[in-house]
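Take a look at the structure set out below.
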Amino acid sequence: MFRHARTALGLITSRSVAPSLATSDGPVIRVAGQFPEIKVSEVMEGRVTFVGLPAVDVGTDIDWHLDPHQNRSWALNLHALRWMGRLVVQYERSGRREYLDRAAGIAEDWVRKNPRGGAGLSPWAWAEHPVALRAPALVCLSAYVRSGWLSDSLIEHARILSDAALYREGHNHGLDQDIALLAIGCRLGHERWKDLAIRRMTRSARLAIDAQGVLHEQAPRYGVYVHRRLGVAMEAIRSCGAEIPADLAARRRSLETYVSHATQPDGRLVPIGDSPADARPEGFPHEEDTVKVFDGGYVFGRTAWNDARSAHYSIRFGPGRRLHGHEDHLGVTYHAQGRDILVEAGFHSYEKTPYRKWTTSPEAHNVPIVVDAEFREGTATHLVGSSVERTRQSYRLTDDGYGVSRTRSVLVSHGADLMAVLDSVPASSRLRNLWHFGPSLRVTSNHDGRVVLADGDWRATLLQFAMPSGRPISGQTVRPGAISPRYLEKAEVATVLSPPVSSVLTLIVPGTGDPKVSWSGTTVTVGTPGGPVSFASSPDQLCPARAMG
């Protein structure tokens, strides 16, 4: 058993002859979809297009310091050389030698101009993720190019990939590192590299994915990515003649439950954490249950599967923010009647801008903010109660993210669509909650604690009441906000900010601009287009009223 990943470097001194393409002829791991699509004719003309940004002329004598868009993802893609790997694939498909020659020219130019440890290199040249993504492309090229420069570069990449100090255990980058190390070890016939890669990816999968399938990176989009990359890893293991660890396959399967529940009825992934609002995962089977509470910090519920008009909601709790997560605890989203009603800021980019920082903050989510209190980053939130029935679910959550107890109780009704949210803090404190509405919704009226929003002839209503009195609260502030509907784009939305109170009940009623609300003691009855919905209320909890509604 390995005590330290550095022992994998023993090959350099333990063998009389270092591995090279001249002395080794292991299989070249080829996995479908390993390299992203490119505009082949464009690359042959010396131009590249990455991450949807305008094409850039790089020529044949490439300046590897280029970063014309000042975009981290663009610079990473330049040095990852996956675009070069795609040229090799095109050569294999077409037999056109010019594609292979161009690929070899790009790779040799990169190797010659980017010696590890050289002065003045781009910081992306030997960053851990470009190394991991570049290595499989170089392995792919090695099927046709057997030069010393390529052998030496593959060995240098393997040294880095097997270095424990540079390994991202339990992270999607670490999985990419393992795939790359396995590909090189397989190609050069080095068993210790192969074994190390498989052992690490299995251990990392246990750390990254819990038994229910929740990825600890706190963004469902990365669940999709890791699922896809684990598929690549398993195919690579099989191609290398090794046995796929059962636990690795099981963790990959468990991700399917997480991703499918996080997918809205319209096919888009809920934009929680660094998840783009336009991501559409495909091919993920779902279980029969329409509601799932994940101990890792997610609640997902829907009216029904395979129905585009089904309602869907999410609630966040669990461990403090990490990796690709946001400060979104207690946050909810709500999609009903074919529309996004309550949304979150989503994912804009990895650029270090004020807007990017804001998208990760509590204010970018549908959460209660404690007035005149400082938010404590990384605070955990606890789910302290839940009731799950087919047409009605309720949950109670609490944390001390602002140094005082915040409690949120959420009740969702299906068929007769309704979301009710009760927020409370101690009587000595005040809170204001934020509600970010979908881009298609525009505020048409705001008075007497009732905000009506419209999408054409369709209406939705937000109503707010002080608790425990049940009196309507007026004074809501409606202000323009912004979310990211897709990468590097913003869309204006209406954001409603409640007046400061210690306890507030918020009702979101889809499909009507004039819902009737009545009180009978602590029981609230709301008229919805699908019929009346009744529930019991207390200063900090909502419960279904089974005998009514």
Side-chain angles (χ1 to χ4, degrees), residues 21 28 30-154 156-157 176 180 183-184 349-351 486-489:
L21 295 172
V28 175
R30 294 177 174 85
V31 179
Q34 183 171 235
F35 307 124
E37 293 291 341
I38 60 170
K39 299 175 181 177
V40 175
S41 61
E42 184 178 81
V43 174
M44 294 300 291
E45 294 170 356
R47 309 180 78 214
V48 293
T49 299
F50 303 135
V51 296
L53 293 168
V56 175
D57 288 309
V58 296
T60 53
D61 184 16
I62 300 172
D63 177 2
W64 295 99
H65 295 87
L66 279 174
D67 187 5
H69 299 294
Q70 296 299 295
N71 181 282
R72 293 161 56 85
S73 296
W74 191 96
L76 181 151
N77 273 275
L78 179 69
H79 284 270
L81 295 190
R82 292 185 298 170
W83 51 290
M84 179 276 294
R86 174 56 69 174
L87 284 178
V88 179
V89 173
Q90 290 299 117
Y91 163 69
E92 292 173 338
R93 290 176 176 175
S94 68
R96 294 178 60 177
R97 181 75 191 190
E98 61 266 32
Y99 293 156
L100 179 62
D101 291 342
R102 176 70 171 134
I106 292 167
E108 186 173 10
D109 188 71
W110 187 92
V111 170
R112 178 172 54 84
K113 293 178 180 176
N114 292 279
R116 190 181 180 206
L121 300 183
S122 164
W124 293 101
W126 292 99
E128 44 88 9
H129 204 202
V131 168
L133 298 175
R134 184 168 58 239
L138 295 175
V139 169
C140 190
L141 180 65
S142 77
Y144 309 101
V145 175
R146 293 183 173 249
S147 299
W149 64 265
L150 184 52
S151 292
D152 293 345
S153 188
L154 286 173
E156 186 68 21
H157 279 69
D176 288 334
I184 297 174
S349 73
Y350 295 114
E351 304 312 305
R486 56 191 59 83
Y487 183 66
L488 288 179
E489 292 187 17

[X] versus [Y], closest heavy-atom pair with distance:
X	Y	answer
W64	L81	CH2-CD2, 3.7 Å
P68	V56	CG-CG2, 3.5 Å
S142	L150	CA-CD2, 3.6 Å

ask   = Going by atom types only, do W126 and H79 share a side-chain donor-acceptor pair under 3.5 Å?
value = no

Are side-chain heavy atoms of [X] and [Y] found at a separation under 4.5 Å?
X	Y	answer
L100	L141	yes
L78	P130	no
R112	W149	no
I38	T49	no

ask   = Measuring from L138:CG to M84:CE, what's the distance to the nearest 0.5 Å?
value = 4.5 Å

inquiry  = Rounded at 0.5 Å granularity, tell me how far CD in E92 sits from OH in Y144.
reply    = 3.0 Å

Would a distance-only check, ignoring hydrogens and angles, find a side-chain to backbone donor-acceptor pair under 3.5 Å from [X] to [Y]?
X	Y	value
R96	Q90	no
D57	G59	no
D109	G105	no

ask   = Can a salt bridge be assigned to the pair E45 and R47 using a cut-off of 4.0 Å between side-chain N and carboxylate O?
value = no

inquiry  = Taking the basic N atoms (NZ, or NE/NH1/NH2) and the acidic carboxylate oxygens, is any pair closer than 4.0 Å for R86 and E37?
reply    = yes

ask   = Can you check whether H65 and W124 have ring centres sitting under 6.0 Å from each other?
value = no

query = Should the ring pair H157 and W110 be called parallel, tilted or perpendicular, given that the plane angle runs from 0 to 90° and is split at 30 and 60?
reply = tilted

